[in-house]
Amino acid sequence: MKSIKKGDMNAELARDVYAALLWSTEQPPSFVPSFTKTLSQYLHSLLNVLGYYQSEFTVELVTHDSQLTAELHITFKNEGVRSQIGAIKLVGNKINSDEQVLSYLGLKTGQLLDDILIKEIQRKLYTSGRFRFFEVTPVIDSDKPLESTLTITMEETEPATPLDGKLSEKEALMQKVGQFMARYRLWDKDVVLRLDLDDGGSMGTWFQELLGASALSVELVYSTQKGIILTEMANQTQILNQLVLSPEQVRYFCPILNYHVLSSDPKGQVLVEFTMAPIKDGEHQWSVMLGGSIKSASDEETSLEYQPDVDVHPAYWFHLANRPDTGISYDNNTLAHIHIDEFDIQLDVDPRNGEVIQVLYQSQPVAQFEKGAYDKQLEALERNIGEQKIALSNAPFNLTRISQLGG
């Protein structure tokens with residue numbers, strides 16, 4: 001049960017096992033004739049997942065008519081025989097030898113074999129960054145569980161340094177950048193993304209088509225802790241639209257229409273998603289997905305759930321480090337400039353920990369990491385709304401007032 005709670009087991013099986021085993025006091029028990037048979041099947045599946053085969057046990061319901069209660073009794077004669085690795089097959093590795101892979105994974109014949117070990121193998125292969133794709137397949141012989149086979153099929157990140165080799169300068173730095181990105185929930189700085197939509201560049205054109213807007217620039221302030229503020233600008237000073245999404249509030253401000261809507265008790269879910277994953281059989285190509293969604297609240301939800309989700313495959317950073325057009329320059333060893341010439345992108349990072357300071361596209365800053373940027377932008381929004389109210393109250397004509405809606 002500890003393994004289920006830790007998430008080391010297959011999620012679908014875990015749900016089934018929970019449904020079968022969760023008996024609570026003061027709740028009506030199940031007397032459906034198939035109940036004990038179904039529960040026995042679930043228990044066998046659970047034990048198999050945990051590596052136990054040929055177990056023997058009985059399941060029975062003991063009723064107490066006088067008390068109108070029942071007890072569930074599970075009696076084990078034996079837990080079964082634990083499966084072991086009798087043979088290991090490695091497929092697809094060319095850069096890394098069998099010995100290097102097995103040593104890195106800590107694998108050898110005779111080890112106990114179960115879903116928990118498989119999950120750990122998958123975690124190590126993923127975080128190593130040396131493999132674009134991998135598949136871990138156990139073949140367990142229930143008649144001879146001590147002679148089970150473990151097959152690992154791999155597609156390596158070429159030409160990354162082998163698992164036991166010394167990383168190149170670019171690999172070591174890009175690995176740190178990847179680790180910084182993976183810690184996004186702990187960032188103490190906010191991301192400020194600024195794009196000129198009328199610069200003729202492909203990125204600006206893409207955002208302009210996405211927004212379908214007459215805006216000339218867009219600014220997005222993203223806090224992994226607090227929320228998102230999206231601003232469309234007609235020029236350097238004129239705001240067209242502003243949208244705030246956070247657990248505390250959802251608000252929209254359109255100064256041109258003198259319109260402001262505030263929801264002080266929002267419900268639902270805001271999902272922000274950024275994923276970079278390898279394309280299988282794609283000649284080392286990668287897919288990039290940037291998106292978000294707003295879901296309305298269900299009956300059970302009582303507040304807005306803000307959920308950022310960033311997933312960049314660690315193999316991408318090794319791929320990037322080994323691109324021929326990737327170069328590194330330094331400013332007094334305090335700032336590293338990572339140049340990716342094909343995309344005309346530059347990352348300015350702290351070489352000590354891989355923290356990204358800013359991102360430049362075509363030599364222009366498009367993304368910066370700034371402490372307190374979210375709060376600063378929110379304060380500016382409040383100030384702009386206050387100024388708009390004052391201007392409307394002094395207007396000689398009967399104009400539409402800024403409205404505020406609660407709930």
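- The side-chain contact (heavy atoms from CB on, under 4.5 Å) test with Phe57 singles out one residue from Asn78, Leu43, Thr75, and that residue is Leu43.
- Taking the six-membered ring for Trp and the full ring otherwise, Phe318 and Phe131 have centroids separated by 6.0 Å or more.
- Judged purely by distance below 3.5 Å, without hydrogens or angles, the side chains of Glu171 and Asn322 pair a donor atom with an acceptor atom.
- Sorted by first then second residue, the salt bridge (charged side-chain N to carboxylate O under 4.0 Å, His left out) pairs that include residues 74-92, not counting sequence neighbours, are Arg82-Asp114.
- Using a 4.5 Å heavy-atom cutoff, the side chains of Arg251 and Glu382 are in contact.
- Within the 4.5 Å cutoff, the side chain of Leu245 has no heavy atoms near those of the Leu230 side chain.
- Counting only distance, with no hydrogens or angles, the side chain of Ser40 and the backbone of Thr36 share a donor-acceptor pair below 3.5 Å.
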Test side-chain hydrogen bond (donor to acceptor under 3.5 Å, both in side chains) applied to Tyr252 and Asn241, step by step
CA-CA 7 Å; Tyr252 169 69; Asn241 298 285; 2.4 Å; yes
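- If you check the side chains of Thr231 and Gln242, you find a donor sitting under 3.5 Å from an acceptor.
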Review item, side-chain donor-acceptor pairs of residues 306-313, under 3.5 Å, at least two apart:
unit_1, atom_1, unit_2, atom_2, d
Tyr306, OH, Ser223, O, 2.9
Gln307, OE1, Gln269, NE2, 3.3
Asp311, OD1, Tyr126, OH, 2.9
His313, ND1, Ala315, N, 3.0

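- Between Gln368 and Arg194, the side chains place a donor N or O and an acceptor N or O closer than 3.5 Å (distance only, hydrogens not considered).
- To the nearest 0.5 Å, atoms CD1 (Ile85) and CG (Leu146) are separated by 12.0 Å.
- Put simply, the side chain of Phe253 reaches to within 4.5 Å of the side chain of Leu381, judged on heavy atoms.
- Each of Val272, Leu271, Val270 was evaluated against Ser293; a single residue qualifies, Leu271, per the side-chain contact (heavy atoms from CB on, under 4.5 Å) test.
- Here the side chain of Ser55 pairs no donor or acceptor atom with the backbone of Tyr52 at under 3.5 angstrom.
- At a threshold of 4.0 Å, the pair Arg123-Glu120 counts as salt-bridged, since one of the basic side-chain nitrogens sits closer than that to a carboxylate oxygen.
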Result block: side-chain N/O donor-acceptor pairs under 3.5 angstrom for residues 344-353, not counting sequence neighbours:
unit_1, atom_1, unit_2, atom_2, d
Gln346, OE1, His339, ND1, 3.3
Gln346, NE2, His337, ND1, 3.3
Gln346, NE2, Asp348, OD1, 2.8
Asp348, OD1, His337, ND1, 2.6
Asp348, OD2, Gln358, NE2, 2.9
Asp350, OD1, Arg352, N, 2.9
Asp350, OD1, Arg352, NE, 3.0
Asp350, OD2, Arg352, NE, 3.3
Asp350, OD2, Arg352, NH2, 2.7
Asn353, OD1, Glu355, N, 2.9

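- Among residues two or more places apart in sequence or in another chain, the side-chain contact (heavy atoms from CB on, under 4.5 Å) test is passed with Ala373 by Asp190, Val192, Val221, Glu370.
- Here the CG-CG distance, from Leu240 to Leu257, works out to 10.0 Å after rounding to the nearest 0.5 Å.
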Determine whether Glu156 and Asn96 satisfy the following criterion, side-chain hydrogen bond (donor to acceptor under 3.5 Å, both in side chains), listing intermediate values before the conclusion.
CA-CA 8 Å; Glu156 293 172 313; Asn96 297 276; 2.9 Å; yes
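- With hydrogens and angles ignored, the 3.5 Å screen pairs a side-chain donor or acceptor of Ser246 with a backbone N or O of Gln249.
- In this structure, the side chain of Gln100 engages the main chain of Ser97 through a donor-acceptor pair within 3.5 Å.
- Put simply, the side chain of Ser287 gets close to the backbone of Ala277: a donor and an acceptor are under 3.5 Å apart.
- Within the structure, no pair that satisfies the side-chain hydrogen bond (donor to acceptor under 3.5 Å, both in side chains) test touches residues 141-151, not counting sequence neighbours.
- Around the NZ atom of Lys376, the shell of radius 6.0 Å holds no more than 12 heavy atoms that belong to other residues, nucleotides or ligands.
- Inter-residue side-chain proximity for Thr161 and Lys166 is flagged as unmet; no heavy-atom pair is nearer than 4.5 Å.
- Nearest approach of Arg130 to Pro162, heavy atoms of both residues: NH2-O, 3.4 Å.
- Sequence neighbours left out, not one pair with a member in residues 174-188 passes side-chain hydrogen bond (donor to acceptor under 3.5 Å, both in side chains).
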